Amino acid sequence: MPQEIEPKWQAIWAERGVMKADDASPKPKFYDLVMYPYPSGDLTVGHLRNYVMGDVLARMKRMQGFEVLHPFGWDAFGLPAENAAMKRGNLHPRTWTLENIAKGKRELKMAGILYDWDREVTSSEPDYYRWTQWLFLLMLERGLAYRATAPVNWCPVDKTVLANEQVINGRCWRHPDVEVEKRDLEQWFLKITDYADRLLDDLSLLDKWPHKVRVMQTNWIGRSTGAEVDFPVDGLPGEVVRIYTTRPDTLFGATFMVLAPEHPLVERVTTEKHRARVREYVEKARKETEIERLSTEREKTGVATGGFAINPVNGEKIPIWVADYVLVTYGTGAIMAVPAHDERDFEFATRHNLPIREVIAPPNGPQGLLRQAYLGAGALVNSGQFDGLDSTAAIERICDWLEQKGMGKRAVKYRLRDWLISRQRYWGAPIPVVYCPNHGIVPVPREQLPVELPAEYKPLSEQPDWYQTKCPIGGEDARRETDTMDTFIDWSWYFLRYASPRDETEPFDPELANHWMPVDQYTGGVEHAILHLLYSRFFVKVLYDAGLVAYTEPFMRLFNQGMVKRFGQVMSKSLGNGVSIDELAGAQGADAGRIYEMFIGPPEEDVEWTEAGLNGVVKFLQRVWRLVLEPDSIVPEGVASGAKVDATVLRRKVAQTVGKVTEHYDELRFNTAVAFLMELANTMQDYLQTGGNRDAEWDATVRTLLRLLNPLAPHACEEMWERLGEKGLIADASWPEFEAAAAAEPKVVLVVQVGGKLRDRLEVDAGLSEADAVKAALASEKVRAALNGRGPSKVIYVPDRLINLVP
RNA sequence: GUCGGCGUGGCGGAAUGGCAGACGCGCCAGCCUUAGGAGCUGGUGCCCGAAAGGGCGUGGAGGUUCAAAUCCUCUCGCCGACACCA
């Protein structure tokens with residue numbers, strides 16, 4: 001009857017404040033964080049999976065004597081609220097958001113997940129975004145927030161700009177079928193690139209993060225080393241085309257140059273004869289979408305400018321081209337093309353009949369005519385005084401030489417771009433600055449925060465009553481910034497706010513934040529591998545530099561759970577394949593659902609939700625119920641059968657299970673933890689069925705099983721605990737101690753191999769010496785037969801596991 | 001294309017150099033039952049065999065090792081990220 005007992009215990013936990021975190025507790029702290037969700041209002045058992053993981057860990061850690069911080073909140077700004085408001089006419093995004101939050105909260109409670117709700121944060125409420133704005137001002141003060149005009153990504157559906165991280169294959173991250181457009185707009189950026197090296201280097205501190213996420217961040221930052229080299233423009237004294245290359249060793253192989261269509265020098269280097277064609281090409285390139293331009297499938301187009309540059313290493317005159325395969329946003333927006341040793345340049349040269357000169361010889365000597373670009377290392381050829389040098393050494397020598405002559409210098413480049421944070425939306429935190437005709441960009445003074453959103457839902461730029469203001473410095477008429485911030489700014493510090501969620505004087509209390517932080521376990525979807533996780537790392541480093549936090553990385557251990565699918569698709573209400581928490585709680589119960597979510601498969605893998613699987617878990621819970629409360633129903637009337645389990649065997653199994661389950665919960669290997677609990681229940685059943693006594697030791701065993709199972713099935717365990725006559729809550733009970741001595745097996749099965757093939761299994765005393773093991777093995781008929789008279793010439797003995805006799 | 005991950009019974013999966021298939025689902029046989037979508041017992045990788053027993057087996061091919069699902073090389077398939085970053 002989960003429908004009766006589950007609400008009962010949920011009420012009791014809430015009333016007793018079971019998961020309240022005490023800032024002043026002397027216990028060691030454990031910060032257990034799950035990514036705060038967008039309150040979309042369609043919570044299914046699929047969304048529940050990572051919250052159950054967090055809850056299991058929180059409940060165990062509490063029982064183990066940790067002061068656990070297990071908070072929850074809402075990423076409440078964002079477009080779905082605006083879309084819902086637009087669709088439903090007079091509905092305000094805030095109303096919609098708060099309704100969904102209430103719904104979500106109810107369902108989480110229904111699933112038995114315990115949070116310290118006193119610390120709940122909602123990013124769209126003024127008492128939160130006031131501090132989001134405060135942190136923006138901090139960035140501004142520290143020179144990390146700036147306005148710039150740049151070609152930015154524009155989503156025509158959401159009618160707002162997007163950060164690079166929010167553009168996926170040239171399409172909007174929220175609309176996989178909508179291509180982003182490029183628009184030249186003046187926008188706010190955060191200088192995350194100033195932190196590129198630290199963001200990269202500190203990844204090495206995150207050894208408890210998934211390898212995959214670290215690789216993705218490394219690639220996203222995309223650090224490369226090389227050189228910037230100036231190529232003087234022929235006939236324009238003083239004018240140079242500066243290029244960036246990672247292969248200074250191939251400088252002598254440059255046979256032409258390429259400028260990006262948007263490169264500022266295009267007009268200058270173009271000759272009259274070529275001007276019309278170049279202009280036409282540049283126009284066309286501008287109009288093309290990112291997807292068209294970035295497609296590697298497409299043949300490389302480009303036009304000659306008629307201008308020439310001088311290769312500084314050999315004085316050679318080489319033509320300057322314009323082509324859209326060179327990006328204005330990376331490096332210097334211009335390249336030297338070395339077709340012999342770069343695939344893209346090779347393709348372009350072949351297509352446009354440009355010369356190809358080999359300057360790096362593969363190990364077996366120069367190839368002469370190249371059929372494809374040679375990208376590897378080798379000896380330099382056709383490279384003047386550098387001939388014969390190995391390419392690796394040549395990079396250094398040529399860089400030295402360039403620096404000496406003042407023609408170039410070593411340089412480091414990143415793929416990472418500054419973070420564009422302006423959004424042309426209503427439902428976000430307003431950027432707290434004022435534009436004054438006399439004082440320019442004026443930050444809103446901190447004591448005037450929050451800059452609250454106007455009550456009416458309408459674009460801010462259409463609300464003069466709101467944006468018309470006075471300059472905070474001179475008092476003259478001024479205009480507020482009407483853009484709001486990317487919601488990933490809200491995301492970048494919410495985990496700090498949980499430390500002092502009602503603080504009215506600062507975003508977070510540094511002392512409390514230093515007490516609880518860093519997060520010990522962070523659980524959430526892999527979709528944030530770059531976005532949120534990179535931005536938050538950046539924020540924390542800035543806060544560290546500002547002396548506000550004492551650590552440089554926010555999340556010590558990260559786990560990405562897999563998604564729950566049904567009928568092969570990710571569960572969702574809109575697809576109609578979702579199982580709601582109400583349905584689950586009303587049928588098999590939240591406890592069964594919780595265990596099933598953990599048992600269904602490896603936590604990091606996507607899994608398929610099936611009724612049959614859920615039923616298996618229901619049976620397990622019922623079996624535990626009977627073992628604990630109705631043991632008579634398990635003892636058969638007739639003869640005892642099954643494996644004989646005596647008190648000693650059971651005692652050992654209990655001790656082993658305590659060790660295994662604790663370890664596997666800690667490592668988030670919940671599927672195997674459940675399997676161990678099932679094994680223990682099976683052994684307990686065998687014990688009863690083969691004549692085991694229900695003595696004091698049995699009573700202790702039952703209580704151990706319940707405590708181990710409690711994090712997974714807390715309602716049922718509380719109920720059984722109470723019915724056993726225990727006074728306090730099992731949630732407050734202590735975690736069973738692992739006793740290694742009790743878990744040790746006195747007898748072990750020793751596998752006997754002959755020449756690596758299994759020939760016999762012997763039950764022997766644990767800790768047998770090698771000599772005795774050999775003796776025992778040779779006493780076996782089967783082993784002697786396999787040896788067939790050939791005495792073992794070699795013995796490999798792995799104590800308590802295996803002996804291998806090699807003939 | 002580059003990088004990363006994965007590939008094990010009818011199914012979900014377990015085992016990280018040492019007994020392949022824990023645990024669960026499903027299935028088969030039996031018991032119990034007025035009934036069973038309940039409970040209990042036994043069985044269940046494949047092949048040969050009445051059995052005892054034997055052989056084969058972790059996508060495929062090779063290798064290292066006394067010993068490989070696990071490590072290495074190549075290859076096929078699937079998934080994910082990035083995708084003209086010079």
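Below, chains carry the letters A, B, ... as their sequence lines are ordered, and counting in each starts from 1. Keep in mind that this is a model prediction, so the values were computed, not measured. Because only heavy atoms are used, hydrogens play no part in the values below, and waters and symmetry mates are left out as well, while side chains stay in.
- Look at B/A35: it lacks any Watson-Crick or wobble partner with both distances under 3.5 angstrom.
- Glycosidic conformation of B/G42: anti, with the torsion beyond 90° of 0.
- A/W220 pairs by the side-chain hydrogen bond (donor to acceptor under 3.5 Å, both in side chains) definition with A/E165, not counting sequence neighbours.
- Side chain of A/D342, nearest nucleotide from B/A86, B/A15, B/C19: B/A86.
- Residues satisfying the side-chain hydrogen bond (donor to acceptor under 3.5 Å, both in side chains) criterion with A/T246, sequence neighbours excluded, are absent altogether.
- Side chain to side chain, A/Y325 and A/D345 meet the donor-acceptor criterion of an N or O pair below 3.5 Å.
- Straight-line distance from the OH atom of A/Y797 to the P atom of B/G17: 20 Å, rounded to whole Å.
- With respect to the salt-bridge test (charged N to carboxylate O, under 4.0 angstrom), the residues A/K300 and A/E347 qualify.
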Tabulate atom names and distances for all N/O pairs under 3.5 angstrom spanning the protein and nucleotides 66-72 of chain B.
unit_1: B/C66; atom_1: OP1; unit_2: A/K794; atom_2: NZ; d: 3.2
unit_1: B/C66; atom_1: O2'; unit_2: A/N804; atom_2: ND2; d: 3.2
unit_1: B/C66; atom_1: O2; unit_2: A/N804; atom_2: ND2; d: 2.4

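- A straight line from CG of A/N671 to P of B/C25 spans 15 Å, rounded to a whole angstrom.
- Nucleic acid contact for A/Q685: sugar-phosphate only, since backbone atoms but no base atoms lie under 4.0 Å from a heavy atom of the residue.
- When the nucleotides B/G24, B/A81, B/A86 are ranked by their closest atom to the side chain of A/M216, B/A81 comes out on top.
- Under the side-chain contact (heavy atoms from CB on, under 4.5 Å) criterion, A/D230 pairs with A/V240, A/R242, sequence neighbours left out.
- Using a 4.0 Å heavy-atom distance criterion, A/G331 is classed as making no nucleic acid contact.
- Remark: B/U64 base-pairs with no nucleotide; criterion is Watson-Crick or G-U wobble with both hydrogen-bond distances under 3.5 Å.
- Protein atom NZ of A/K782 is 10 Å distant from nucleotide atom C1' of B/A52, rounded to whole Å.
- A/R417 comes within 4.0 angstrom of a base, heavy atoms only.
- The distance between atom CD of A/Q217 and atom P of B/G4, rounded to the nearest whole Å, is 17 Å.
- The distance between atom CG of A/L621 and atom P of B/A38, rounded to the nearest whole Å, is 17 Å.
- Note on A/T329: nothing from the nucleic acid sits closer than 4.0 angstrom, heavy atoms only.
- The list of salt bridge (charged side-chain N to carboxylate O under 4.0 Å, His left out) pairs with a residue in residues 615-629 of chain A, not counting sequence neighbours, is empty.
- Within the structure, every pair that satisfies the side chain to side chain donor-acceptor pair (under 3.5 Å) test and touches residues 758-774 of chain A, not counting sequence neighbours, is listed here: A/K747-A/D765, A/D760-A/S780, A/S769-A/D772.
- When the side-chain nitrogen and oxygen atoms of A/Y330 are compared with OP1 and OP2 of B/A86, one or more of them lie within a distance under 4.0 Å.
- Distance CD (A/Q588) to P (B/G37): 17 Å, rounded to an integer number of Å.
- Take the nearest nucleotide of RNA chain B for A/I530 and for A/A675: the residue whose nucleotide is more 5' is A/A675.
- Across the strands present, B/C46 finds its partner in B/G55; the criterion is a Watson-Crick or G-U wobble pair with both atom distances under 3.5 angstrom.
- In terms of position on RNA chain B, the residue among A/N219 and A/R761 whose nearest nucleotide sits closer to the 5' end is A/N219.
- Remark: A/E745 engages A/R652, A/Q656, A/V748 in a side-chain contact (heavy atoms from CB on, under 4.5 Å) (not counting sequence neighbours).
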Please list, one pair per line, the donor and acceptor atoms closer than 3.5 Å that link side chains of residues 799-807 of chain A to other protein atoms, with sequence neighbours excluded.
unit_1: A/D800; atom_1: OD1; unit_2: A/G767; atom_2: N; d: 2.7
unit_1: A/N804; atom_1: OD1; unit_2: A/G755; atom_2: N; d: 3.4
unit_1: A/N804; atom_1: OD1; unit_2: A/G756; atom_2: N; d: 3.0

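- Residues passing the side-chain hydrogen bond (donor to acceptor under 3.5 Å, both in side chains) test with A/Y244, sequence neighbours excluded: A/S224.
- Between the C1' atom of B/C78 and the NZ atom of A/K565 lies a distance of 12 Å, rounded to the nearest Å.
- Using Watson-Crick or G-U wobble geometry with both donor-acceptor distances under 3.5 Å, B/A69 finds no partner in any strand shown.
- For the pair A/E604 CD and B/G80 C1', the computed distance is 14 Å after rounding to whole Å.
- Across all strands shown, B/G24 forms a Watson-Crick or G-U wobble pair with B/C11, both key distances being under 3.5 Å.
- Using a 4.0 Å heavy-atom criterion, one finds that A/N615 contacts no nucleic acid atom at all.
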Return all side-chain donor-acceptor pairs below 3.5 angstrom for residues 670-677 of chain A, not counting sequence neighbours, or 'none' if the list is empty.
unit_1: A/T672; atom_1: OG1; unit_2: A/H664; atom_2: ND1; d: 2.6
unit_1: A/T672; atom_1: OG1; unit_2: A/R669; atom_2: O; d: 3.0

Protein-nucleic acid N or O pairs under 3.5 Å, nucleotides 46-49 of chain B:
none

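- For B/G4, the paired base is B/C79 (Watson-Crick or G-U wobble, both distances below 3.5 Å).
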Inset, instruction - Scan nucleotides 6-12 of chain B nucleotide by nucleotide, 5' to 3', and note B when protein non-hydrogen atoms come under 4.0 Å of the base, S if they reach only the sugar-phosphate, - if neither. - result: ------B
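- In this entry B/U41 has B/A29 as its Watson-Crick or G-U wobble partner, both defining distances falling under 3.5 Å.
- Listed nucleotides: B/C23, B/G18, B/G55. Nearest to the side chain of A/R759: B/G55.
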